[in-house]
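To start, the structure under review is shown below, and the notes come after it.
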Amino acid sequence: MTVKKTNRKYYFSVEGETEKWYLDWIKQLMNNDPSAAHTVTIDCKKEKNPLKRAKSLTILDKTVITHWFDYESDEDVHVRQFKETLDALKESTTFKKQIKYNLGYSNFTFELWMILHKRDYNAALAHRRQYLLGINSAFGENFAELSDYKEEASFKRVLRKISLDDVRSAIVRAKGIMKRNEEAGLILHQYKGYKYYKENPSLLVHESIENMLKDCGLF
């Protein structure tokens with residue numbers, strides 16, 4: 001007799017459509033794996049403001065939400081936007097005590113995380129558009145612009161090239177990047193209780209994915 005698996009639900013807010021499509025793909029990969037201890041539901045909303053996301057939820061129990069967004073550059077406007085998002089993360093936990101908001105950032109962009117599914121990527125870039133070369137190389141594509149890669153049909157074609165083994169490899173590579181940053185003595189900045197590196201490459205996107213895989217016995 002087949003034992004029905006229990007379901008685990010995870011909450012996210014993300015800045016863009018590509019992050020949402022990625023999480024939909026992760027859910028599909030996990031739910032299609034017969035060795036998974038649980039099925040998963042991912043409640044993901046495209047919302048740049050974490051506080052709006054928190055206010056939209058009707059919950060009674062303690063709930064963890066992860067917000068994925070980018071540290072786009074060291075330009076004043078992007079640094080200010082990054083800190084404003086951290087302000088909103090902190091305010092969300094004050095607004096609803098049962099909510100814990102986790103930080104999931106990419107420096108410079110989410111494309112760093114995507115590349116890590118296929119290869120190491122330790123280069124410090126001058127501009128986020130430079131990820132295009134890495135995307136094309138990692139996935140055997142020939143996009144002329146990042147905007148072409150982010151079109152729904154193109155991005156979902158890229159997603160179909162990602163397996164759970166690739167996801168596990170990406171987690172290991174991401175952890176390696178953060179370990180190298182620590183060993184190099186880079187400053188781990190702290191703001192409103194959240195920690196991040198200003199230097200690229202750095203990221204915390206992998207932590208939420210690793211937690212889900214571990215919960216389901218897949219990592």
Side-chain angles (χ1 to χ4, degrees), residues 9-24 26 42-59 62-116 121 124-131 135 146-147 149-150 155 170-171 174-175 177-178 181-182 186-212:
K9 189 171 186 177
Y10 303 92
Y11 292 85
F12 288 82
S13 53
V14 297
E15 281 193 322
E17 292 288 355
T18 54
E19 292 92 333
K20 190 175 187 304
W21 294 330
Y22 175 85
L23 285 168
D24 288 341
I26 291 297
I42 297 180
D43 187 325
C44 177
K45 184 175 181 181
K46 180 185 172 183
E47 176 58 74
K48 288 190 174 184
N49 188 334
L51 183 58
K52 286 185 179 179
R53 170 66 161 144
K55 288 181 176 179
S56 71
L57 287 174
T58 302
I59 53 176
K62 185 174 181 179
T63 301
V64 176
I65 314 174
T66 303
H67 185 63
W68 281 1
F69 67 116
D70 297 336
Y71 186 99
E72 294 190 56
S73 80
D74 283 330
E75 295 176 14
D76 289 344
V77 60
H78 291 144
V79 172
R80 183 175 68 253
Q81 289 171 353
F82 187 83
K83 286 190 172 181
E84 286 174 351
T85 301
L86 296 183
D87 287 335
L89 290 176
K90 182 65 174 180
E91 188 176 351
S92 298
T93 61
T94 303
F95 173 74
K96 285 187 177 180
K97 298 292 186 182
Q98 64 269 45
I99 285 180
K100 178 185 178 184
Y101 237 122
N102 286 339
L103 169 62
Y105 79 96
S106 300
N107 185 349
F108 283 134
T109 71
F110 187 69
E111 281 64 60
L112 168 62
W113 170 244
M114 291 294 291
I115 293 168
L116 292 178
Y121 201 80
L125 304 183
H127 195 279
R128 52 196 177 277
R129 64 173 171 266
Q130 292 175 294
Y131 284 114
I135 289 291
L146 279 173
S147 57
Y149 145 80
K150 291 183 178 182
F155 189 80
I171 293 168
K175 292 167 80 170
I177 286 175
M178 297 302 275
N181 289 346
E182 179 184 3
L186 301 184
I187 296 173
L188 185 60
H189 294 268
Q190 299 191 44
Y191 182 78
K192 298 295 179 73
Y194 296 100
K195 299 179 181 180
Y196 61 97
Y197 288 107
K198 288 185 177 181
E199 293 83 3
N200 75 86
S202 62
L203 69 167
L204 287 180
V205 170
H206 60 286
E207 291 187 339
S208 49
I209 300 299
E210 181 180 7
N211 287 339
M212 286 196 298

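Remember, it's a predicted structure, so these values are computed and weren't measured experimentally.
K175 has a carboxylate O that lies under 4.0 Å from a charged side-chain N of E210, or vice versa, which qualifies the two as a salt bridge. Under a 4.0 Å N-O distance rule, the pair D87/K192 qualifies as a salt bridge. Taking the charged nitrogens against the carboxylate oxygens, E72 and R128 do have a contact shorter than 4.0 Å, which makes a salt bridge.
Residues satisfying the side-chain hydrogen bond (donor to acceptor under 3.5 Å, both in side chains) test with D43, not counting sequence neighbours, are R53. Applying the salt bridge (charged side-chain N to carboxylate O under 4.0 Å, His left out) rule to E15 yields no partners; only residues at least two apart in sequence or on another chain are considered.
The environment of CD in E182 is sparse: at most 12 heavy-atom neighbours from other residues, nucleotides or ligands sit within 6.0 Å.
Here the shortest heavy-atom pairing between C44 and K20 reads O-CE, 3.6 Å. Contact detail for S202 and Y197: the closest heavy-atom pair is OG-O, 3.5 Å.
Outside the 6.0 Å centre-distance limit, the rings of F110 and F69 are not counted as a close aromatic pair. Checked against a 6.0 Å centroid threshold, the rings of Y149 and F155 count as neighbours. For an aromatic pair to be called close, the ring centres must be under 6.0 Å apart, and Y105 with Y71 fails this.
Relative orientation of the H67 and Y101 rings is perpendicular, given thresholds of 30° and 60° on the angle between their planes.
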Practice problem: Run the numbers on K83 and Y191 for side-chain contact (heavy atoms from CB on, under 4.5 Å), then give the verdict. | Solution: CA-CA 8 Å; K83 286 190 172 181; Y191 182 78; 4.0 Å; yes
Quiz item: Taking it one step at a time, do L188 and N181 satisfy side-chain contact (heavy atoms from CB on, under 4.5 Å)?
Solution: CA-CA 9 Å; L188 185 60; N181 289 346; over 6 Å; no
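Counting heavy atoms from C-beta on, the side chains of K55 and L51 come closer than 4.5 Å.
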